[in-house]
Amino acid sequence: TRRMLLACAVSVSLAGFVPASFADDKVTLRMSTPASETDQRSVALAEVFAPQVADFATYEPHYNGSLIAQGSELESIASGDLEMSIASAQELATFFPEFSIFATGYVHQDAAHQVAVFNDPLMDPFKQKVEDELGVKLLSVMYLGRRNVNLRQSKDELTVMKPEDLAGVNLRMPGSDAWQFLGKALGANPTPMAFTEIYTALSTGSVDGQDNPLPTIVDAKFYEVTKQVVLTSHLVDLNYIAFSKAVWDKLTPEQQATVQKAADEAAESGRQAQLKKEEELVSFLREQGMDIYEPDLAAFRNHVQAQYVGSEFAASWPEGLLDKINALGN
Ligand code: KDO
């Protein structure tokens, strides 16, 4: 009987073990992001990207940094532990410093400018390098929005018109050099912290504020634990749809074209949704009792730009690139 039991156990476990390639011949696309499921980029990928690739791929999103911690997604794709992410230029700049140009304050002017830059030949060497050296394809550019300074203090307690007004303010910024530099360039005292920790940090007062676009302030409910938004628009922020080159290379040319089209259409759909939210949410946030106002934008722009001139970041930018980027704007 012992033998029989054993034989039985073996056959049961063998039956349970079906290699992925036999279980179904679809490729699984694990996507990891610190963003929530209701973030417009997440929604666009789930509702526009996933159905278009469904014939040959199963899209498997992981939200709120639950699979891979914020900032480690690209190396996970490189090592084969992840197939997709919503990557930032700041993350790419940790591997390739020249990407910091796309993470620099007051460079991109709006969503259309981001698209023009991403589709311009100036982007080709950037995309190629990421593909060759990291095994990651940057498929399309997504719009995150205009980042603004969001503080716990009310406007009566602290009115921010100029960078000097942010002196000593502990501003949470994401944890990489390019982000910390931007926080300092704004005049604040930047503190690195993962996105998923911001709400608690704001509610306990371990930071004075954070910076993100209005749709994120609403989606992550930061308005519950903050009192004002200073419309600095210091970074018209973007993300790239990052895709494993190893997986891409296993797809047929038709499947590759489908993935590319699905990514472009998801990015466009998410962009339109996010732009609409940015417009609508000012009144929503005011209804929640928040102060929302414009500071002296020229003062912020001049101060931020002056910090980058002569910086280690600017030293990594290819000659003439900033002019080319500016020429693609208004
Ligand atoms: C953030 O950590 O503040 C940030 O906005 C940085 C972005 O690059 C992006 O990763 C985003 O978080 C997450 O997707 C959560 O919205």
Side-chain angles (χ1 to χ4, degrees), residues 31-46 61-77 82 84-95 99-100 102-105 107-108 111 114 118 136 138 140-151 170-183 186 188 190-202 207-223 225-226 229 232-242 266-267 270-271 273-274 277-278 281:
M31 193 284 293
S32 184
T33 178
S36 72
E37 186 171 1
T38 48
D39 178 290
Q40 293 311 302
R41 295 160 301 164
S42 304
V43 170
L45 286 172
H62 297 266
Y63 304 114
N64 305 310
S66 59
L67 183 62
I68 309 283
Q70 181 176 25
S72 299
E73 298 92 342
L74 290 169
E75 56 196 72
S76 298
I77 298 179
L82 186 69
M84 290 178 73
S85 78
I86 302 175
S88 66
Q90 292 82 351
E91 284 158 8
L92 283 153
T94 64
F95 300 93
F99 264 91
S100 62
F102 308 118
T104 294
V107 167
H108 284 119
Q114 291 177 348
F118 186 78
V136 172
L138 303 180
S140 210
V141 66
M142 294 194 122
Y143 181 66
L144 180 54
R146 298 179 173 274
R147 296 184 81 95
N148 296 306
V149 172
N150 172 212
L151 301 175
N170 289 322
L171 189 69
R172 175 274 171 182
M173 298 290 291
S176 83
D177 291 351
W179 283 114
Q180 296 296 301
F181 189 90
L182 178 60
L186 281 169
T191 306
M193 184 183 290
F195 180 79
T196 44
E197 288 165 28
I198 303 176
Y199 186 94
T200 307
L202 287 170
V207 293
D208 297 316
Q210 65 93 30
D211 87 304
N212 256 298
L214 298 184
T216 304
I217 292 174
V218 172
D219 187 62
K221 299 201 163 46
F222 296 152
Y223 64 87
V225 285
T226 56
V229 179
T232 46
S233 290
H234 53 272
L235 184 68
V236 181
D237 205 7
L238 57 75
N239 293 105
Y240 305 110
I241 300 180
R271 180 162 35 249
Q274 195 80 336
K277 281 198 175 284
E278 268 186 319
L281 292 176

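For ligands, and for the atoms within them, numbers begin at 1 and follow the listed sequence. In what follows, every heavy atom counts, from backbone to side chain, and hydrogens, waters and symmetry copies are set aside.
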Enquirer: Taking Gln70 for the side chain and Phe195 for the main chain, is one N or O donor matched with an acceptor at less than 3.5 Å?
Expert: yes

Enquirer: Which protein residues come within less than 4.0 angstrom of ligand 1, counting heavy atoms only?
Expert: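 Ligand 1 pocket, heavy atoms under 4.0 Å: Thr33, Pro34, Ala35, Asp39, Arg41, Gln70, Ser88, Leu144, Arg147, Arg172, Pro174, Trp179, Phe195, Asn212, Asn239.
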
Enquirer: Looking at Leu82, is its backbone amide N or carbonyl O close enough to the side chain of Glu73 to form a donor-acceptor pair, meaning the two atoms are under 3.5 Å apart?
Expert: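 No.
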
Enquirer: With distance as the sole test, does Asp208 use its side chain to make a donor-acceptor pair with the main-chain N or O of Asn170 at under 3.5 Å?
Expert: yes

Enquirer: Quick one: does any side-chain atom of Asn212 pair with a main-chain N or O of Arg147 as donor and acceptor, under 3.5 Å?
Expert: no

Enquirer: For the pair Phe102 and His108, name the ring-plane relationship: parallel under 30°, tilted 30 to 60°, perpendicular over 60°.
Expert: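 The arrangement is parallel - the two ring planes meet at less than 30°.
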
Enquirer: Please confirm whether the backbone N or O of Arg41 pairs with a side-chain atom of Asp39, one donor and one acceptor, at under 3.5 Å?
Expert: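 Yes; judged by distance alone, with no hydrogens or angles, the pair exists.
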
